[in-house]
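Heads up, the thing below is written out as structure tokens.
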Amino acid sequence: MGQKVNPIGLRLGVNKTWKSKWYVDPREYADTLHEDLKLRKALVECPEVQGAEISDVEIIRKPQRITIVITTSRPGIIIGSKGANVEKLGVRLQKLSDKKVQIKIKEIKKPEADAQLIALNVARQLVSRGSFRRSMKMAVSKAMQNGAQGVKIRLSGRIGGAEIARSEWMKEGRIPLHTLRSDIDYGFTTANTSFGVIGVKVWVYNGEIYDRAVKNDAGGLVKKPTKSDGVEARS
């Protein structure tokens, strides 16, 4: 189970949330979903964001506006000189949608412990023909130094240019994938090397989250009166 289920998808509604937040008529669902995919693809391919190390892209839709929240470790590259890059990026993305597109940027304080950025870093070293074991070892040790309680990196493909594809992995600390309350950050990317595609998966364990958010349903909103409440009211 831990190897086959996406750790973020497994925890949706527990301690993780969706990367696209919107509600539309069922007949418009497919078109809206494909528009989201186009926006994400166009954003990643834009020359203004190359080298910005984007970890996550969140899309929030409202009736007349689309807000794109870009999580990055290098916000200065996306913003550019006096916000020039953000404006260019906004113009490019606006062509793909009828609604007004708004861009927000969120900075990552500890990029060494972010799963997606670790995966991108390892993939970059694989493309430049670096040693895969050294790349994994350095990434794992840096993540542990930056407060992660456990890290696991798994590579799959023609590692080192070998004829037969195989999987190699490295782990340090705890990775409780079956525990739903555990805060597991997951990242995946592909390294397009000269001898084939190598998949890079990263799991980062950041401890357990005990205080689950109260859901906005009838049961969570209606608070049952207790004896202590009755005493306070009379006093």
Item to check | S194/R129 under side-chain contact (heavy atoms from CB on, under 4.5 Å): CA gap, chis, key distance, verdict | outcome: CA-CA 9 Å; S194 57; R129 299 193 172 226; 2.7 Å; yes
Checklist entry - Among L43, V49, V44, which one satisfies side chain to side chain contact (heavy atoms under 4.5 Å, CB included) with C46? => result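 Exactly one option meets the side chain to side chain contact (heavy atoms under 4.5 Å, CB included) with C46, and it is V49.
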Checklist entry - Under the criterion side chain to side chain contact (heavy atoms under 4.5 Å, CB included), which of D31, D25, L33 is the partner of Y29? => result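 Only match with Y29 under side chain to side chain contact (heavy atoms under 4.5 Å, CB included): L33.
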Would you tabulate the side-chain donor-acceptor contacts of residues 102-111 under 3.5 Å, counting partners in other chains and residues two or more places apart, or write 'none'?
from	atom 1	to	atom 2	distance (Å)
Q102	OE1	R65	NE	3.0
Q102	OE1	T67	OG1	3.3

Answer yes or no: is there a donor N or O on one side and an acceptor on the other, between the side chain of [X] and the main chain of [Y], under 3.5 Å?
X: R174; Y: G150; result: no
X: R11; Y: P7; result: yes
X: T179; Y: S182; result: no

Checklist entry - Could you go step by step and tell me if I175 and K171 meet the side-chain contact (heavy atoms from CB on, under 4.5 Å) rule? => result CA-CA 9 Å; I175 306 287; K171 179 184 171 186; 4.1 Å; yes
So does [X] have more than 12 non-hydrogen atoms from other groups sitting under 6.0 Å from [atom1]?
X: R166; atom1: CZ; result: yes
X: Q64; atom1: CD; result: no
X: K88; atom1: NZ; result: no

Item to check | side chain to side chain donor-acceptor pair (under 3.5 Å) between T72 and E53, intermediate numbers included | outcome: CA-CA 6 Å; T72 174; E53 303 210 339; over 6 Å; no
State whether [X] and [Y] are salt-bridged, where the test is any N-O pair (Lys NZ or Arg NE/NH1/NH2 against Asp/Glu carboxylate O) under 4.0 Å.
X: R40; Y: E58; value: no
X: K16; Y: D183; value: yes
X: R92; Y: E48; value: yes
X: E87; Y: K82; value: no

Can you name the closest pair of heavy atoms from [X] and [Y] and give their distance?
X: L96; Y: A42; value: CD1-CB, 3.5 Å
X: K152; Y: W169; value: CE-CE3, 4.3 Å
X: T189; Y: A123; value: CG2-CB, 3.8 Å

Flag yes if [X] and [Y] sit in one hydrophobic cluster, no otherwise; membership is Ile, Leu, Val, Met, Phe, Trp, Tyr, and two members link when side-chain heavy atoms are under 4.5 Å apart.
X: Y186; Y: V202; value: no
X: M170; Y: I159; value: yes
X: L120; Y: V57; value: no

Does [X] reach the side chain of [Y], with side-chain heavy atoms less than 4.5 Å apart?
X: N85; Y: I79; answer: no
X: V204; Y: D114; answer: no
X: T71; Y: I54; answer: no
X: Q94; Y: K99; answer: no
X: T190; Y: I198; answer: no
X: I78; Y: I70; answer: yes
X: R154; Y: E168; answer: no
X: D36; Y: W22; answer: yes

Checklist entry - Does the side chain of R124 come under 3.5 Å of the side chain of S135 through a donor N or O and an acceptor N or O? => result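 The answer is no; no qualifying pair exists.
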Checklist entry - Under 3.5 Å, is there a donor-acceptor pair between the Q116 and S55 side chains? => result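 Checked: Q116/S55 side chains show no N/O donor-acceptor pair below 3.5 Å.
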Can you give the donor-acceptor pairs under 3.5 Å from side chains of residues 140-148 to other protein atoms, not counting sequence neighbours?
from	atom 1	to	atom 2	distance (Å)
S141	OG	K137	O	3.2
S141	OG	M138	O	3.0
N146	ND2	K142	O	2.8

Item to check | Interatomic distance, K201 atom NZ to N6 atom CG [nearest 0.5 angstrom] | outcome: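 Reported value, rounded in 0.5 Å steps: 9.0 Å.
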Next on the checklist: Aromatic contact between F188 and W203, with the criterion being ring centroids under 6.0 Å apart: yes or no?
Outcome noted: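 Between W203 and F188, which both carry aromatic rings, the centre distance is not below 6.0 Å.
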